Amino acid sequence: MRLLLGILRSLRPHQWTKNVLVFAAPVAAGVIDDRDLALRTVLAFVSFCAASSGTYLLNDASDVESDRQHPTKCHRPIAAGIVPVSLAIGLGIGLIIFAVALGFAVNAPLGVTMLAYLSVTTAYTYKLKHVPVYDIVCVAAGFVLRAVAGAAATGVSISEWFFIVTAGGALLMVVGKREGERHLLAGNAAGIRSTLGAYSDNYLLYLRAVASGVVMIGYCTWAFESASRTGISPEAPIWFKLSILPFTIAILRYALLLDNGEGAEPERLVLRDRSLLVAGAFWAIIYGYGVYVA
């Protein structure tokens, strides 16, 4: 039972919330109410959950020695010796094979997207996580590919501004994670992860400013572009424009939390901060009303 619970924890099911990005493109395009496309999106979500869990297992097996020196990661089942490294590697490879097979079973574009995601995560696990800047770009690319996967599974075309917003938001989240890790580890940051020692507080602040600027400007442009589309009802444009307000509040609130050093675990942060949840809920209601009701 201890081993089974350790394996379950190593899969990091709490991080599957990141894979909700798979639903972004179909929901924004207004096609998620189509039963067939909704099923394809759910299968894409399952595929990414399997792929990300497989990647986490391989990553933890690779980082087992450095994790044992980390104040919180030392409690991870692989680092703590609960789950053997060889078992973690075998299970990780199995999950990755299942994820790719499921992706191609849905359609070829999703399968190719899965391969691209796994290529990026593999390069990150075994090399690029030790290279400054590239480590941030790789993690951010993983978020972008999740959003691309939803479009690939359903055949939805991706707006250039949707892509920019997704990329900017992913960069903001990853930079905040690095800031949070530096804050948590203090003087031990460089010893536990070499790239953390390469980043200064000013450099990460610069990246955060760039990312937040890109995501807010990109979203405003995307909202106005959505409002000017042909074929939508006369009432819809105002809702797309109104959605800018809660979206901006959410980004500003998230930036404040990052400034307080709380971004080390973004998947937990976005679920526990009430103000962020309220802003996100208002955004979803307003934008959703414009897409599906107005």
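These numbers were taken from a predicted model, which means no experiment stands behind them. Residues: numbered from 1 along the sequence shown.
- Residues Leu207 and Tyr199 form no side-chain contact, since every pair of their non-hydrogen atoms from C-beta on lies 4.5 Å or further apart.
- By the criterion of side-chain heavy atoms lying less than 4.5 angstrom apart, applied directly or through intervening Ile, Leu, Val, Met, Phe, Trp or Tyr residues, Val215 is grouped together with Leu257 in one hydrophobic cluster.
- Contact check for Asp60 versus Val64: no side-chain heavy atoms found under the 4.5 Å cut-off.
- By the 4.5 Å heavy-atom criterion applied to side chains, Arg208 and Leu204 are not counted as neighbours.
- Atoms CG and NE2, from Asp201 and His183 in turn, are 10.5 Å apart once rounded to the nearest 0.5 Å.
- Looking at heavy atoms from C-beta onward, Leu172 lies in side-chain contact with Ile251 at the 4.5 angstrom threshold.
- Leu37 and Ile158 fall into different hydrophobic clusters, defined by Ile, Leu, Val, Met, Phe, Trp and Tyr side-chain heavy atoms under 4.5 Å apart, directly or through other members.
- Judged as a side-chain hydrogen bond (donor to acceptor under 3.5 Å, both in side chains), the pairs with a partner in residues 164-178 (not counting sequence neighbours) are, in order, Tyr124-Arg178, Asp135-Arg178, Arg178-Glu181.
- Screening residues 34-44 for side-chain hydrogen bond (donor to acceptor under 3.5 Å, both in side chains), with sequence neighbours left out, gives Asp36-Arg40.
- No donor-acceptor pair under 3.5 Å is formed between the side chain of Thr122 and the backbone N or O of Ser119.
- Put simply, CG on Leu258 and CZ on Arg253 are 11.0 Å apart, with the number rounded to the nearest 0.5 Å.
- Shown here for Leu269 and Leu276, the closest heavy-atom pair between the two residues is O-CD2, 4.5 Å.
- Closest non-hydrogen pair, Val144 versus Ala170, comes out as CG2-CB, 4.4 Å.
- In terms of hydrophobic clustering, with Ile, Leu, Val, Met, Phe, Trp and Tyr side chains grouped at heavy-atom distances under 4.5 Å, Val210 and Met216 are assigned to a common cluster.
- No side-chain donor-acceptor contact under 3.5 Å links Tyr126 to the backbone of Ser62.
- When all heavy atoms of Ser10 and Leu57 are compared, the closest pair comes out as CB-CD2, 3.5 Å.
- For residues 142-156, the set of pairs meeting the side-chain hydrogen bond (donor to acceptor under 3.5 Å, both in side chains) definition, not counting sequence neighbours, comprises Asn19-Arg146, Tyr117-Arg146.
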Going through the distances and angles, do Tyr254 and Asp273 end up as a side-chain contact (heavy atoms from CB on, under 4.5 Å)? CA-CA 9 Å; Tyr254 190 70; Asp273 185 78; over 6 Å; no
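- Annotation: salt bridge (Lys or Arg N to Asp or Glu O under 4.0 Å) contacts involving residues 154-166, sequence neighbours excluded, are absent.
- By the 4.5 Å heavy-atom criterion applied to side chains, Leu87 and Leu3 are counted as neighbours.
- Of the inter-residue distances, the one linking Tyr56 atom OH with Asp63 atom CG reads 13.5 Å to the nearest 0.5 angstrom.
- Distance CD/Glu179 to CG/Leu196: 11.5 Å, rounded to 0.5 Å.
- Counting heavy atoms from C-beta on, the side chains of Lys129 and Tyr134 never come closer than 4.5 Å.
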Show me the donor-acceptor pairs within less than 3.5 Å that the side chains of residues 93-111 make with the rest of the protein, sequence neighbours left out.
from	atom 1	to	atom 2	distance (Å)
Asn107	OD1	Leu110	N	2.9
Asn107	ND2	Ala152	O	3.1
Asn107	ND2	Ala153	O	3.2

Evaluation steps, side-chain contact (heavy atoms from CB on, under 4.5 Å), between Lys18 and Phe48: CA-CA 9 Å; Lys18 298 175 182 177; Phe48 262 88; over 6 Å; no
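- Nearest heavy-atom pair across Ser159 and Trp222 is OG-CD1, 4.0 Å.
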Apply side chain to side chain donor-acceptor pair (under 3.5 Å) to the pair Trp16 and Ser53, showing each step before the final yes or no. CA-CA 8 Å; Trp16 292 346; Ser53 288; 2.8 Å; yes
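- A heavy-atom distance below 4.5 Å is found between the side chains of Tyr292 and Val27.
- The six-membered or imidazole ring of Phe45 lies near that of Phe23, with a centre-to-centre distance under 6.0 Å.
- Connection of Ile217 to Leu171 is not established within any shared hydrophobic cluster, with ILVMFWY side chains joined at heavy-atom distances below 4.5 Å, either directly or through further cluster members.
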Trace of the side chain to side chain donor-acceptor pair (under 3.5 Å) decision for Ser52 with Gln15: CA-CA 9 Å; Ser52 57; Gln15 299 222 28; over 6 Å; no
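- The heavy-atom pair separating Ala198 from Pro132 by the smallest distance is CB-CG, 3.6 Å.
- Side-chain contact between Trp239 and Val291: absent, with no pair of heavy atoms (C-beta onward) separated by less than 4.5 Å.
- Residue Leu4 holds its CG atom at 13.5 Å from CZ of Arg9, rounded to the nearest 0.5 Å.
- Note that the NE2 atom of His14 and the OG1 atom of Thr17 stand 8.0 Å from one another [nearest 0.5 Å].
- At a threshold of 4.5 Å between side-chain heavy atoms, the hydrophobic network of Ile, Leu, Val, Met, Phe, Trp and Tyr places Tyr206 and Val137 in one connected group.
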Decide side-chain contact (heavy atoms from CB on, under 4.5 Å) for Arg272 and Leu277; before the verdict, give the C-alpha distance in whole Å, the side-chain angles of both, and the deciding distance to 0.1 Å. CA-CA 8 Å; Arg272 72 168 183 254; Leu277 287 172; over 6 Å; no
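- Taking every heavy atom of both residues into account, Ala88 and Ile78 meet most closely at CB-CD1, 3.5 Å.
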Give the table of side-chain donor-acceptor pairs shorter than 3.5 Å for residues 278-287, with sequence neighbours excluded, one pair per line with atom names and distance.
from	atom 1	to	atom 2	distance (Å)
Trp283	NE1	Tyr219	OH	2.6

